[in-house]
Amino acid sequence: MKVVVFDLWGDYGHFRRFFTTSSPLTYSFPPPTAVRGIVGAILGLDKDEYLVATADLAVGVRVLAAVKRVRWGQNLIFTKGSGDKFDPTLFRDRKGDQNKTLRTQVKYEYLKAPRFRLYVGGDAVLLDELAALLQEHRTHYTVSLGLSELLADFAYVGTYTARQLPPGTYDLSTVFPAEVLDAEHGLQEALHPGIKLAKERVAIYLAPDRTPLLYQDVVLDMGGRPVRVTVKEPVYQLDSEEVVYLWPPASTRIPASR
Amino acid sequence: MNTLQNRHEILFLYDVSWANPNGDPMDENKPRVDEETGINIVTDVRLKRTVRDTLMELGHEVFLREERTEDGNRKTKEDIMAYYDNDPKKVLERCVDIRLFGGTFAIKGDDQNAFSLTGPVQFKFGTSLHRVKVELIKGTSIMPSAADKRQGTFTEVYVVPYSLLAFYGVANEKAAEATHLTEDDLDAMFKALWVGHKAGTDVITRSKFGHEPRLLVDIVYKPDALTHIGELNKLVAFRSEKADEAIRDISEGVLDLSGLAEKVAKYKDKIEKVRVLVSDRVRVAPAVEAVFAEIPVEPFPWSDET
């Protein structure tokens with residue numbers, strides 16, 4: 001399988017955890033769904049198109065910089081209008097609550113100076129186009145880190161051939177789902193002083209209407225280092241020697257009836 | 001008029017003296033400071049608020065406007081309700097801020113299908129080009145705190161003695177199709193950026209007085225270039241002999257544009273033209289002409305008016 005690899009970074013990132021709406025917390029890395037959106041933005045695919053267009057791609061995510069978080073309050077427009085209707089107005093007499101609240105203060109969590117390496121594998125035509133744009137630092141839409149105002153910069157790393165490796169013990173440089181770990185020995189060799197593993201539950205696949213189709217617990221080292229793990233499912237080795245986990249296309253994991 | 005055909009990359013610098021550029025409402029309204037680096041932060045929404053309010057002062061129609069006076073409010077409310085009820089597309093047609101920054105709309109009777117447009121123009125959070133200090137100013141007010149009290153009360157306000165802030169933004173030509181953003185809209189925004197930080201009503205309140213625009217750069221790429229330099233704010237530096245926290249004025253240092261010059265040289269074939277405005281007391285090195293050598297440099301159409 002051909003894999004296009006590129007880096008993505010910025011001052012701040014926010015990849016919202018699915019269970020937080022009004023107190024926005026962020027994941028430590030862009031979930032695979034966000035990677036598809038980023039690929040879509042570079043290729044110029046509209047919000048309504050990219051999920052379908054990128055469905056056959058395999059994606060992987062590597063955390064390159066130690067995960068740092070910052071939190072601060074932001075003053076947002078209170079959007080509950082009269083009759084509980086959504087109404088993003090600043091006119092007091094149209095506000096729905098008793099106190100006629102105009103603004104609401106929300107504490108946001110951001111990733112600070114995040115840096116990721118993204119792996120996109122599969123469909124040759126789409127990948128050639130992606131690699132060509134990345135090489136010339138071109139994009140159709142503006143690329144961001146989760147929210148539109150968190151503008152991102154990016155750099156092409158290379159195009160590699162990925163060879164599937166059998167289950168075994170490897171230094172995985174990317175994040176990976178906990179369920180690929182060997183039940184008995186999965187993390188036996190990973191645990192050593194200094195390592196700080198985190199597990200975050202993320203949506204892996206979305207239906208075209210954005211209904212989540214599969215959630216998984218995803219494991220990463222908060223220091224951004226590779227983790228030595230024993231896996232019971234195949235992983236990939238690039239011709240750069242790096243061993244990565246790639247989420248396969250949705251069709252291989254989700255029954256067509258969904 | 002056609003929608004935007006060229007990608008624009010924007011760098012805007014302004015400074016703040018003894019004022020609060022952007023308080024954190026959940027942290028005693030203190031100026032936002034990155035505790036690890038001492039860098040001052042201003043949110044993109046603060047900048048867009050200033051742009052929106054200034055666009056209104058310049059006579060443009062703005063959707064997300066502040067309530068100002070009882071009379072004005074009633075009239076505009078009728079107006080806004082009219083387009084709101086009829087057709088959100090009309091909002092797009094008439095309100096420059098939605099064309100610039102996007103927006104989310106609810107359709108009457110159908111809460112579930114609000115539609116949202118990503119703004120073609122996006123700004124990152126602004127960051128200061130040097131470490132800042134935060135000062136707590138205490139004072140007394142003459143207003144008694146309760147009816148039966150005779151004395152005034154104490155007030156506290158957090159300010160930064162000085163902060164030179166850089167905002168970086170991109171106007172994307174493809175996203176412009178969805179909101180019908182035009183070159184004229186963008187020119188209006190640039191003017192609002194400059195005028196708004198100079199004399200807009202947002203910056204003449206007590207907590208904001210002391211804002212001054214310093215540098216505005218608009219890099220206009222050729223149509224279909226599909227590229228931009230990225231992170232322009234990282235390509236400029238403020239060099240001063242003083243310690244960062246001791247800087248009090250733009251004249252105490254030189255704005256180093258050599259990083260920008262280097263990148264611009266690499267992208268010169270992709271760039272159609274550049275528009276630049278520098279305020280009087282700013283010293284830049286190398287000179288603007290040298291930074292954009294071999295590229296047409298123009299003033300903004302409204303430069304003479306400011």
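In what follows, chains carry the letters A, B, and so on, assigned in the order in which the sequence lines appear, proteins first and then strands, with residues in each chain numbered from 1. Source: prediction; values computed, not measured.
- Taking all atoms of both residues into account, the shortest heavy-atom contact from G73(A) to P25(B) is O-CD, 3.7 Å.
- In terms of modelled atom types and a separation under 3.5 Å, the side chain of H140(A) and the main chain of K174(B) share no donor-acceptor contact.
- Residue R46(B) does not touch chain A at all, counting heavy-atom pairs closer than 4.5 Å.
- Looking at E136(A), only its backbone comes within 4.5 Å of chain B, counting heavy atoms on both sides.
- We find the CG-OG1 distance between N172(B) and T139(A) to be 6.5 Å, quoted to the nearest 0.5 Å.
- Counting non-hydrogen atoms of neighbouring residues, nucleotides and ligands closer than 6.0 angstrom, the CD atom of E49(A) exceeds 12 such neighbours.
- For the pair L150(A)/F125(B), a side-chain contact is recorded, criterion being any heavy-atom separation below 4.5 Å from C-beta on.
- Here the side chains of E35(B) and V70(A) are not in contact, with every heavy-atom distance at 4.5 Å or above.
- D27(B) does not touch chain A: none of its heavy atoms, backbone or side chain, sits under 4.5 Å away.
- Heavy atoms of I77(A) lying under 4.5 Å from chain B belong exclusively to its side chain.
- For T118(B), the parts lying under 4.5 angstrom from a heavy atom of chain A are both the backbone and the side chain.
- Of the two parts of Y108(A), neither the backbone nor the side chain holds a non-hydrogen atom closer than 4.5 Å to a non-hydrogen atom of chain B.
- Atom OG1 in T43(B) sits 9.5 Å away from atom CG in L76(A) (nearest 0.5 Å).
- Neither the backbone nor the side chain of F101(B) has a heavy atom closer than 4.5 Å to any heavy atom of chain A.
- Interface remark: N22(B) contributes no atoms to any contact with chain A (heavy atom separation under 4.5 Å).
- When heavy atoms are compared at a cutoff of 4.5 Å, L147(A) does not approach chain B at all.
- Atom-to-atom distance recorded for D24(B):CG and R71(A):CZ is 13.0 Å, nearest 0.5 angstrom.
- Two residues are said to be in side-chain contact when any heavy atoms from C-beta on lie closer than 4.5 Å; S116(B) and K47(A) meet this criterion.
- Proximity to chain A (any heavy atom under 4.5 Å) is restricted, for D224(B), to the backbone atoms N, CA, C and O.
- No side-chain donor from either of T142(A) and Q122(B) sits under 3.5 Å from a side-chain acceptor of the other.
- Salt-bridge check for D153(A) with K234(B): failed, with every basic side-chain N at 4.0 Å or more from each acidic carboxylate O.
- A donor-acceptor pair is defined here as one N or O able to donate and one able to accept, closer than 3.5 Å; such a pair exists between the side chain of R138(A) and the backbone of A225(B).
- For the pair K124(B) and Y12(A), the minimum side-chain heavy-atom distance is 4.5 Å or more.
- Looking at L47(B), there are no atoms closer than 4.5 Å to chain A (heavy atoms on both sides), in backbone or side chain.
- Atoms CG and CD, from D11(A) and E231(B) in turn, are 6.0 Å apart once rounded to the nearest 0.5 Å.
- The two residues M26(B) and Q105(A) make their nearest non-hydrogen contact at CG-CB, 3.6 Å.
- Contact check for W72(A) versus I41(B): side-chain heavy atoms found under the 4.5 Å cut-off.
- Only the backbone of V106(A) comes within less than 4.5 Å of a heavy atom of chain B; no side-chain atom from C-beta onward does.
- With contacts defined as side-chain heavy-atom distances shorter than 4.5 Å, the pair I229(B)/H137(A) does not qualify.
- Using a 4.0 Å cut-off between charged side-chain N and carboxylate O, K48(B) and E149(A) make no salt bridge.
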